[in-house]
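Inspection log for the structure reproduced underneath, given as structure tokens.
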There are 2 protein chains.
Amino acid sequence: MSNTIKKAFEIVKLIEKNQGKYTLTDIVKILGINKTTAFRNLKTLEELNILERINNLYYLGISLFEMGSKVYLKQIIIEKIHPILRELSEEVNETVNLAKIHNGMVLYLDKIESKRSLQIQSSIGDTLPLYCTSLGKSILSILPENEMREIIKNISFEKTTHKTISNPKKLIEQINEIKLKGHSIDDEEFEEGLICISVPLYLKHHNFYGSFSLSGPSIRFDQATLLKLSKKLKKYKDIIIEKLKH
Amino acid sequence: MSNTIKKAFEIVKLIEKNQGKYTLTDIVKILGINKTTAFRNLKTLEELNILERINNLYYLGISLFEMGSKVYLKQIIIEKIHPILRELSEEVNETVNLAKIHNGMVLYLDKIESKRSLQIQSSIGDTLPLYCTSLGKSILSILPENEMREIIKNISFEKTTHKTISNPKKLIEQINEIKLKGHSIDDEEFEEGLICISVPLYLKHHNFYGSFSLSGPSIRFDQATLLKLSKKLKKYKDIIIEKLKH
DNA sequence: AAACATTGTTTCATATAGTGAAACCATGAG
DNA sequence: CTCATGGTTTCACTATATGAAACAATGTTT
């Protein structure tokens, strides 16, 4: 079924990974496709503003921005939650992230940066593994049991810090704890010096399995602070669920 | 050149206009394409998460959100300007919009809603005509003369309120005024009861022709207020230009 | 400045891959 | 139970995307 579309989309996905890095010939080499085909597809994608070409290097185009702004998720869910998360961020003066599960990964949906926060780089639209982020672990804790097992089965664990969870048993252990506590913590498991604390967020009516978090440098996030923050998170979680009830 | 891609994209563009309204058969009728082709294209688009199907009705898919979040414009320009606009919004307690020109239209890039503002519906990603918004008029005032003339030549004026500008001469007159004053006003020219005030924003290094605005109900925007707001806008404009200088 | 390398673009013959009419299901209405 | 509607599958066909090769436009090396 429409291979042409898929091929074109493969190109776009490649550009998404590395904007402004690839030239026609690069793309041909990387994807192993024919030059003429690539050439013509790039041309049409450019015409459609799906890609943009500057000095023969390709970038994601403005059409994607236009359409991306209009997906249901953005207009109905993210934009309704945003002001609430903003309040949270202002109240505790830390960076807030919102995420959902997508293809067995954490997809970042929204972010409110605290003014003081040293910038930790996670961008809206990025995807990260479930097992090494507090957001991901929170989400895992609210998934239907069989779905969770299925996802964990397909994870290939890779350590990014010495604290990263590296096997299914440990992960499932933690998930069970999270179910009891109602929140999850990423204690430098993904990035040295970075701590996150998340609560799961399930919106039944929208079939939304997600979570949101507070994150910052480990210096600021001692045990006492974490306890306080977890309470705040749960408070705001209730506010969100109330607002998105229908 | 790759007609298949274009056809597929036509479908996506149709869905963008009316999410959750069209079924396969509708799409076939509206676009005058073959049922089988539409069927298969819809299927691949769904597979690629470009479209989402719920009860045989189509919505924009999550891939578009992912990729849309990563366009240069968003990551480099909008996200840098955002906190500044947020400050502006908080300082004057009114709704702020950011826009740029795209295909002879105003493309809304960002929005910060004031808490008190009665919701005026303009969404990020929307496009509106240049001539009936203050944002558009501001942009026109900074375009190269020939480009501006060319664009105005192609406008088909349509009145949405009795105050809407309805001919090129009047528009060019106003643009000349804007060039002198440094800001533009939309006095219920697009929507009854809605006033906007904008300043143009040209970012040389990014080849960015845009503008940003404050908007709200006409009751609040008397002459004296407008004067104050125009000063604020210009102040923030300088801040933005300074920050995006390189 | 000439020869070479590299990369984007065009041509054209070919067959693959998308197309569309028609038949087929599944569902819901009358 | 019949009909109507809308989604799905089949299959023969040819239009359409494909890819090798030639070409043009760069910039680089000698």
Side-chain angles (χ1 to χ4, degrees), chain A residues 1-64 67 70-72 206-207, chain B residues 1-64 67 70-73 207:
Chain A
M1 354 188 136
S2 201
N3 222 358
T4 312
I5 300 174
K6 280 189 184 166
K7 278 181 193 166
F9 195 64
E10 255 182 64
I11 297 180
V12 179
K13 273 287 174 194
L14 177 65
I15 302 302
E16 185 191 0
K17 276 212 200 83
N18 285 102
Q19 289 190 70
K21 284 219 173 139
Y22 299 136
T23 169
L24 167 61
T25 342
D26 295 334
I27 294 167
V28 167
K29 278 177 195 159
I30 296 170
L31 296 181
I33 56 182
N34 180 275
K35 207 182 179 186
T36 315
T37 309
F39 173 71
R40 259 186 320 238
N41 284 352
L42 283 168
K43 211 166 184 179
T44 38
L45 289 170
E46 199 189 341
E47 267 180 59
L48 297 171
N49 288 306
I50 294 175
L51 293 181
E52 187 174 356
R53 173 166 72 160
I54 302 174
N55 299 328
N56 288 332
L57 295 173
Y58 291 89
Y59 298 80
L60 295 183
I62 206 162
S63 275
L64 293 172
M67 298 188 300
K70 293 182 185 164
V71 321
Y72 182 83
H206 296 94
N207 193 34
Chain B
M1 6 199 125
S2 202
N3 223 356
T4 312
I5 300 174
K6 280 189 185 167
K7 277 181 194 165
F9 196 63
E10 256 182 65
I11 296 180
V12 180
K13 274 287 173 194
L14 177 67
I15 302 303
E16 185 191 359
K17 276 211 199 82
N18 285 103
Q19 290 190 68
K21 284 220 173 136
Y22 300 135
T23 170
L24 166 61
T25 341
D26 295 334
I27 294 167
V28 167
K29 278 177 194 159
I30 294 171
L31 297 179
I33 57 183
N34 179 276
K35 206 182 179 185
T36 315
T37 308
F39 173 71
R40 258 187 320 239
N41 285 351
L42 282 168
K43 210 166 185 180
T44 38
L45 289 170
E46 199 189 341
E47 267 180 58
L48 297 171
N49 287 306
I50 294 174
L51 293 181
E52 189 174 355
R53 173 165 73 159
I54 302 172
N55 298 329
N56 288 333
L57 296 173
Y58 290 89
Y59 297 80
L60 295 184
I62 208 163
S63 276
L64 293 172
M67 298 188 299
K70 292 182 186 164
V71 321
Y72 182 84
L73 183 71
N207 193 35

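Below, chains carry the letters A, B, ... as their sequence lines are ordered, and counting in each starts from 1.
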Rounded to whole angstroms, how far apart are CD1 on I11(B) and P on dG18(C)?
-> 14 Å
If only side-chain N and O atoms of N34(A) are considered, is one of them under 4.0 Å from the OP1 or OP2 phosphate oxygen of dA20(D)?
-> yes
Are any non-hydrogen side-chain atoms of L60(B) and I15(B) less than 4.5 angstrom apart?
-> yes
What residues, two or more places apart in sequence or in another chain, satisfy side-chain contact (heavy atoms from CB on, under 4.5 Å) together with Y59(A)?
-> Q19(A), E52(A), I54(A), L57(A)
Whole-Å distance, L57(A) CG to dT7(C) P, equals 12 Å
Mind checking the CG-CG spacing from L42(A) to L51(A)? Nearest 0.5 Å is all I need.
-> 6.5 Å
Measure the distance from CG on L42(B) to C1' on dT19(C) and round it to the nearest whole Å.
-> 15 Å
How would you list, by chain and number, every residue that makes a side-chain contact (heavy atoms from CB on, under 4.5 Å) with L31(A), sequence neighbours excluded?
-> E10(A), I11(A), L14(A), I27(A), I33(A)
Which pairs, protein N/O on one side and nucleotides 8-10 of chain D N/O on the other, fall under 3.5 Å?
{"residue": "dT8(D)", "atom": "OP1", "partner": "R53(B)", "partner atom": "NH1", "Å": "3.4"}
{"residue": "dT8(D)", "atom": "OP2", "partner": "R53(B)", "partner atom": "NH1", "Å": "3.1"}

Quick one: pull up CZ in F9(A) and CD in E16(A) and give me the separation to the nearest 0.5 Å.
-> 7.5 Å
Please give, in whole Å, the distance from dT26(D) C1' to N55(A) CG?
-> 13 Å
Are T37(A) and dG19(D) close enough that a side-chain N or O sits under 4.0 Å from OP1 or OP2?
-> yes
Nearest-0.5 Å distance that lies between atom CD1 in I30(B) and atom OG1 in T25(B) | 10.5 Å
